[in-house]
Amino acid sequence: MSDNTQSQINQYLTFSLDSEIFAQSISEVREVLEYATITRIPKTPEFMLGVINLRGNAVPVIDMRLKLGLPKTERTVDTCIIITEVQMEEGENIFGALVDSVHEVMEIDQDTLEPTPKIGTKIDSSFIRGMAKQDDGFIMLLDIVKIFSDNELNTIQKTTEDQIEEEKMEVLTT
Amino acid sequence: MDKFSQSFITEATELLENLENDLMELKDSPADKELIDSVFRAMHTIKGSAAMFGFEIIADFTHDIENIFELVRSGDLIVSPELIDLIFISRDQISDMLTEATGATKADADKGKEIIKNLQKFSKNKTEEALDEYGSHPEKMSIDSANSNLDKTYRIRFKPDINIFRTGTNPIFLIEELELIGTTKIICHTDSIPDLAQLDPESSYVYWDIIITTDAGVDAIKDVFIFVEDSCELLIETIDEGYSFENDSDYKKIGEILVSHGDITQEELNEALSSQQPIGQILVNLGKINPSTIAAAATEQEEVRKIRSARQQRVDVSSIRVTSEKLDRMVDLVGELVVAQARLNQIAHENQSPDLVAVAEEVERLSGELRDSTMEIRMLPIGTTFSKFKRLVYDLSKDLGKEVNIYTEGGETELDKNVIEKLNDPLIHIIRNCIDHGIEKPEVRKTAGKPQQGTVRISAIHSGSNVFIHIEDDGAGINKERIRQKAIEKGLIGEEALLSEKELLGLIMEAGFSTAQEITSVSGRGVGMDVVRRSIEDLRGSIEIDSTEGKGTHIIIQLPLTLAIIEGLQVQIGEDYFILPLSSVEECIELTNGDTTNERGSNLIHVRGEVTPYIRLRDWFGFSNKRTAHEQIVVTNMNNHRIGFVVDQVVGEHQTVIKSLGKVYENVEGISGATIRGDGTIALILDVPKLIEVVESEIKAA
């Protein structure tokens, strides 16, 4: 990354879920799409909506509200999909996050961040990195990597049988 | 690492692979001169390039092996199994050295020294031995007599450089050497000798045309000129292949010779020829033969000609080397093109514009061709994998004290690069099983009245959009009663279960099944055929076992040609679209209530008198929308397991470009991937083998 690393890290994309405002670092955002038809995939948790066709590739989409413990997203004209790139151990992963509406890109000074209160919020506080003050309300900064690398996402249907089989395969190849 | 070193390593690795092949063949026919030459050349090339690119250690090491083969070539040393073993070890050592050069692992230097010592011992002993028997030269005799090559005739144009005497070479010696190889007819051209006044006695002015008939092969001739190659004009042409009468068309016809001599013109010749009737016609006219026999003969002739010209072309083709990433990228792009083309088609047909439809059809044709030829580029002959097995069989049989011959067939059969790579491990496992459990020890075989040496036969056959790989052995076969006992023991089947032979053998490939009573280092680790089956099925192939006790085992693997694009059958359930691989679909029928019976809580349907279990995908996937009045059932068959899938509607065939669902959806049960439909929405590809497995276990549990 170049010299503007610092300012990039301080820039955040804000969006709303339910009645709350959230933000995620724009370095993780690849693009924002209008709502597109999501193909559901059977036998997966409810918050995992399915896949969309992003220029010929199947990209998984999750319902951000359900994931954070809020009620299910109702589709409106403002409903958007934020395409997010997440660096994981196995490499880069691309996800779509369904949100109620996208607002703006704004700078948030790291120093003004306040720790997440343990109580008084409806959502799972482990996914919140901190809170920033804006006007008279708060913006919650999401820890995107944590949300997307959450075990629940990566271990769907991964039964013990599969694991055994993988181990066997290893023995076979050695 | 720089580009040149990299290309040296690639080249050397390839040479080593070929070398392994040659050595395996040499083991079986130790007197084959061409093979010996080939091994020698491989070593020579490795040595040369290694020295050139600064890999001195490799060069030095290879030099010693080359020396040994020099002895073999000259007939002073016979190829013995011990020698082959030693060369094998040396080959592996060079391979290790190459890996070391890439910085990966370190080659064992001590092992290298040890090998060199053994090699030198070998060459010393044998040289002495050979010297003792120098008078009779028995080894050389054996090589010559064993060489059953056919006589071929070559024309050699040998025009030495004018300065050849100054390099200390006498061309006459070379020609004399040629006379030793075969029957020669030598024509000396003296037309460029200048007048005596201008003649320089230290220059060579003459050149020769030599017609030589020999069984030694063109390489032997080249060897004669090996030291003067760069300082002479040398042209070696085969003028007669020497097979048999069938080749008679190869010599020049009288007419052609006359024309070439200028005695008659081409026109005169044509005129004379036009009055002549084809031999077939003459025979028919004489009533000696009927026209259909002639037609058959003509077809045969045409076929031979085609094969010949194809062979000729094969020699002529040049090739380029590209990285596989580039090919993968190309396949991706073609995939996208196919998807875009499907959209174009849909739009064209919606708009009803004839021009647009025409263009869409043109694009469809082109993209289809482009797809096929791109897939073709990725095709590799499976032979390279086969040759690895030869070494495996050789090593294994030695370790296990068994005598096994391996025969391979159809090595030229082509498969997608990725399929070949993923096929390697399962095949190795199967062959290990064949040798470990299948082929008996030599004593046992003898008492059973079989040849002492066991045979493993691997063949690949291309059929439609599939490739079949057969692995056969003539070993002990599979004891079906033992399988039955074991399966009952493991709870895979009930005591009273009635199973066909095929089903019984299929049990071997169930998870957690291994009948080997004695666990060896080779197989029987409990890693069973189930893993093999799963890997084959991951390649969208299938596997089948057939075995006769005491006679041997036959394993058949069926594989699709390519992984990236498949022919699929599109089906609809409510708003959702799914793809079933067309290769697994047997038939589609209407589901009416009369066909169904409900036994033990599972769904069964009678299809042409056969009871077939089925599942309603809508229920299985847990979709909440309502069933349609007329459902259809798609009957699939994998490895003789028939299952029906109930869907709302069968949409039709679909060119399916397989897209991964990514890490997140990797382990979703029953779904193996996705594809983009013509309108840009996504259809999911059903994992038929997995679904069959799940359904069968549900039925068993019920």
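Chain identifiers are assigned alphabetically (A, B, ...) following the order of the sequence lines, protein sequences preceding nucleic acid strands; residue numbering begins at 1 within each chain.
Among A/Val59, A/Asn53, A/Asn57, the single residue meeting the side-chain contact (heavy atoms from CB on, under 4.5 Å) criterion with B/Lys659 is A/Asn57.
With rounding to the nearest 0.5 angstrom, the CD1 atom of A/Ile41 is 7.0 Å from the CD1 atom of B/Ile671.
By the 6.0 Å contact criterion, CD on B/Glu421 is enclosed, its count of non-hydrogen atoms from other residues, nucleotides or ligands being greater than 12. Crowding of A/Glu104 atom CD: a count of heavy atoms from other residues, nucleotides or ligands under 6.0 Å exceeding 12.
With B/Phe623 as the aromatic partner, A/Arg40 meets the cation-pi criteria of under 6.0 angstrom to the ring centre and within 45 degrees of the ring axis.
With contacts defined as side-chain heavy-atom distances shorter than 4.5 Å, the pair A/Pro42/B/Leu617 does not qualify.
When heavy atoms are compared at a cutoff of 4.5 Å, A/Ile52 approaches chain B solely by way of its backbone atoms N, CA, C and O. When heavy atoms are compared at a cutoff of 4.5 Å, B/Ile676 approaches chain A solely by way of its side chain, counted from C-beta outward.
Smallest separation of non-hydrogen atoms from A/Thr44 and B/Tyr665: CG2-CE2, 3.7 Å.
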